[in-house]
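Convention: sequence-line order gives letters A, B, ...; per-chain numbering from 1. Heavy-atom basis, side chains included; hydrogens, waters and symmetry copies ignored.
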Amino acid sequence: MTAGSRRPWCVVGRLGEGRIGLVDVDGSGARDEPVVLPAADLAARVAAREAEDAPRWVWSDTAEWYPALLDAGIRIGRCVDLRLVHAVLRTSQVVREPEPLRAAAAWDVSPEHLAAEPRGDGTLFSLDGSAGSPTSVPDGLEEALAEFDRQRAAAESAAEPGRLRLLLAAESAGALVAAELHAAGMPWDAAEHDRLLREALGPRPHGGQVPVKMAEAAAETRDALDDRTLSLDSPPRLLRALRRAGIDVASTSRWELEAHEHPAIAPLLRYKKLSRLLAANGWWWIDEWVHDGRYRPVYVPAGVVTGRWASSGGGALQIPRQLRPALRADPGWLLVSADVAQLEPRVLAAMAGDAAMAAAGAATDLYAGIVETGVVETRTEAKVAVLGALYGSTTGDSARLVPRLRRTFPDAMRLVDRAAEVGEVGGTVTTWLGRSSPPPDPGWSAAQTSAHLPDASTAEQERAVRAARSRGRFTRNFVVQGTAAEWALAWMADLRLRLARFEPVAAERAARASGPGFDRQAHLAFFLHDEVIVHAPAEQADAAATAILAAADAAGRLLFPGSTVDFPLDLHIAEHAGKA
DNA sequence: ACCTTAAGCGCG
DNA sequence: AAAGCGCGCTTAAGGT
């Protein structure tokens, strides 16, 4: 390591032959000489620098570099994830000089290609040179340095660099959180899961047998439909049987069945519910996904176009609420669960500077606040109206109520209406911090163009209008969902650092071994769009709750300085997640 | 026999 | 009573 004062960034990359290079870089782009080490020494070096001056580590892809460090027991404070930052900058409309960055096509990797396989198998950087599949970004030192330069130039060219920098930092912090969530795992009580399954389905059947309670519901349904051999698992056959029995439905979906009165309906809905539970989260799910008391999904930051996370493996973001009680703290530990009340409308109110909407949300429940303005009668109506405004509904109660919101909350409604107008004509919209929507696909544009030609058929024109409206609903929702995702990232980024400062508890208070020190101090265990769960030693639970609240407050002030909109949380401390 | 698509339902 | 946004996953059906 060269002597002298440290620079704030440390770029990491491979040099071939199993060596890693580290280069310190400062704000002017000045670099120190590279430090070269064997790959096996990286973890120790990173740990030393974290203790010494904690630089912001710059690397190609957190999912490639961080798991090995976590396995070695090392956590870092901050990073720049070049892959994620590239993806934001490449399409962001606020970047004024994106060309050099866009030309670096090697860095364009869609997240779905990265979701497939979990990383961090315990090997510290494979040395066989097998890296470099076409679905990964470059991991060499020189490439990282060059890309980092391009990214800084692009980011500095932004109309409001401050906001964009916030997004890039949040995005990178999210990548660290995702890797740490995987390393820590969700504390999952397989016995409780089994108990819930047996309660709903009956005892675990052997060898492909149908669980008793499912079989009972099926038999009841077949009786009521007077068809002893009907397969309930085939929608077309089930649909025909329903219609034969005089139930006039166009599909076998639950919402349509519920509208009809017939002895077959209740057992069929019961069957579908149980069948779904068994197929998606039955006993095989436990066998496949729960090991040593932990469920470890792979989180995919920015896996959704709006910037929301996706997940891969086990359906982490779709765990039914029914099974939430199986998310259970280790003995002597507690779960601190928090979700934001009405995050998206609050984000909209803040973005739009809508004082009336901010005021409606001031008393914890925004929907109740809307009822108090007199614009609608009930909380349910308020919720339906707001969701209609965010999603762009065109029919039903929701569409009927939205115009009233337009009178009461003109600023908020103008923002989403404007986003829809832009989308309908093929334009691009951008979130509060600077993530832009993707351009329309070529087929969409071609259809719009040809529908405007004089010889276009009526059917063609109608199709084009429907497609335009559909895209309008997408862009309408994009600005809100995307900004809400930014708020949530800022929340977690701040929370993660607060929790990392907690004192580890004594060894006899340790939880089951999991991740780098996560068995000794409060850590994030679950994230779902507007909700976090922290696993904490019992004596740290109150402090963790305080940290969660403080982080939410900080996120609000960071994104929307001076805004009167607040972001209240529903917070619970208990041994298990799920409704108290 | 294999791969892709659509239906349906879980989550926010 | 049941639409308007974004997803992942399992199953059956359809295409090759």
Side-chain angles (χ1 to χ4, degrees), chain A residues 111-112 115-116 231-239 249-260 268-269 271-282 284-285 288-289 297-324 339-345 347-348 378 380-381 383-402 405 416 419-420 423 429 431 437-438 466 469-485 487-488 526-532 577:
Chain A
E112 58 265 31
S231 162
L232 303 182
D233 299 321
S234 162
R237 276 185 266 184
L238 176 58
L239 184 60
V249 284
S251 78
T252 65
S253 8
R254 184 169 54 85
W255 63 265
E256 198 165 358
L257 291 168
E258 276 169 352
H260 289 79
L268 177 55
L269 293 177
Y271 175 86
K272 285 161 82 83
K273 183 105 185 148
L274 296 177
S275 164
R276 162 80 194 194
L277 177 64
L278 179 70
N281 299 98
W284 73 268
W285 186 93
E288 171 100 18
W289 291 107
V298 175
Y299 292 91
V300 186
V304 177
V305 277
T306 58
R308 271 189 175 183
W309 286 15
S311 74
S312 162
L317 306 187
Q318 301 124 266
I319 303 281
R321 302 199 74 89
Q322 191 182 359
L323 292 181
R324 286 291 184 91
D339 66 273
V340 193
Q342 307 101 29
L343 175 59
E344 292 193 355
V347 158
L348 172 58
T378 65
T380 307
E381 278 186 332
K383 186 173 176 175
V384 165
V386 167
L387 292 180
L390 298 181
Y391 297 161
S393 74
T394 55
T395 60
D397 283 354
S398 173
R400 188 171 54 77
L401 294 168
V402 169
L405 290 189
V416 285
V429 297
T431 60
S437 63
R466 272 200 305 277
R469 296 268 155 77
S470 170
R471 188 159 192 283
R473 291 192 299 272
F474 166 64
T475 51
R476 167 190 292 271
N477 187 245
F478 182 95
V479 293
V480 180
Q481 186 182 119
T483 303
W487 185 95
F526 186 56
F527 168 61
L528 180 54
H529 307 318
D530 62 355
E531 173 184 2
V532 297

* Asked: What nucleotide among C:dG6, C:dC9, C:dG4 has an atom nearest to a side-chain atom of A:S393?
  -> C:dG4

* A:D530 CG - C:dC7 C1' separation (whole Å) -> 14 Å

* Asked: What residue among A:V298, A:L317, A:V300 forms side-chain contact (heavy atoms from CB on, under 4.5 Å) with A:S311?
  -> A:L317

* Provide the Watson-Crick or G-U wobble partner of C:dT11, both distances under 3.5 Å; none if there is no partner. => B:dA6

* **Residue whose nearest DNA chain C nucleotide is more 5′ - A:A259 or A:H529** => A:A259

* Structure fact -> With B for base contact, S for sugar-phosphate-only contact and - for none (protein heavy atoms under 4.0 Å), nucleotides 10-16 of chain C reads SSSS---

* Asked: Can you tell which of B:dC9, C:dC9, C:dC5 lies closest to the side chain of A:F474?
  -> C:dC5

* So, the side chain of A:T483 versus the backbone of A:V479: is there a donor-acceptor pair under 3.5 Å, distance only? -> yes

* To do: Decide yes or no, distance alone: a donor-acceptor N/O pair under 3.5 angstrom between the base of B:dC9 and the side-chain of A:R276.
  => yes

* Asked: Among B:dC9, B:dC11, C:dG6, which is the nearest nucleotide to the side chain of A:P320?
  -> B:dC11

* To do: Work out which heavy atom in A:F526 is nearest to a heavy atom in A:A316; give both atom names and the distance.
  => CE1-O, 3.5 Å

* Asked: Could you state the CD-P distance from A:Q322 to B:dG10, rounded to the nearest angstrom?
  -> 9 Å

* To do: Please check if any side-chain donor atom of A:S253 sits under 3.5 Å from a side-chain acceptor atom of A:S251, or the reverse.
  => yes

* **Length of the NZ-P vector between A:K383 and C:dC5, whole Å** => 18 Å

* Measure from the side-chain heavy atoms of A:W255 and tell me the nearest of B:dG8, C:dC7, C:dA2. => C:dA2

* Residue A:R308, side-chain atoms from C-beta onward, closest of C:dG4, C:dC7, C:dG6 -> C:dG6

* Asked: Among the nucleotides C:dG8, B:dG8, C:dC5, which one has an atom lying closest to any side-chain atom of A:K272?
  -> B:dG8

* Structure fact -> By nearest-nucleotide position on DNA chain C, the 5'-leaning member of A:L390 and A:A310 is A:L390

* Could you let me know what C:dA3 is paired to, Watson-Crick or G-U wobble, both distances under 3.5 Å, or none if it's on its own? => none

* Can you tell which of B:dG8, C:dC7, B:dC11 lies closest to the side chain of A:S251? -> B:dG8

* Structure fact -> Whole-Å distance, A:E258 CD to C:dA3 C1', equals 15 Å

* For B:dC9, does OP1 or OP2 lie under 4.0 Å from any side-chain N or O of A:K273? -> no

* Structure fact -> Atom CD of A:Q481 and atom P of C:dC7 are separated, to the nearest Å, by 7 Å

* To do: Specify the closest pair of heavy atoms between A:G392 and A:R473, including all atoms of both residues, with the distance to one decimal.
  => O-CD, 3.2 Å

* Structure fact -> NZ of A:K383 to OG1 of A:T380, rounded to nearest 0.5 Å, is 8.0 Å

* Asked: Between A:R308 and A:E344, is the closest basic N to carboxylate O distance under 4.0 Å?
  -> yes

* Asked: Checking all strands, does A:V305 fall into the base, sugar-phosphate, or nothing category for heavy-atom contacts under 4.0 angstrom?
  -> sugar-phosphate

* **Side-chain donor/acceptor of A:T475 to backbone N/O of A:G472, under 3.5 Å** => yes

* To do: Scan A:R476 against the nucleic acid and name what it touches under 4.0 Å (heavy atoms): base, sugar-phosphate only, or nothing.
  => nothing

* Taking atom C1' of C:dG6 as reference, at what distance in whole Å does atom CZ of A:R471 sit? -> 15 Å

* Asked: Rounded to the nearest Å, what distance is computed from the CD1 atom of residue A:I319 to the P atom of nucleotide C:dG8?
  -> 15 Å

* Asked: Mind telling me whether C:dG4 is syn or anti, cutoff 90° either side of 0?
  -> syn

* Starting at atom CG of A:L348, determine the distance to atom C1' of C:dC5, rounded to an integer number of angstrom. => 14 Å

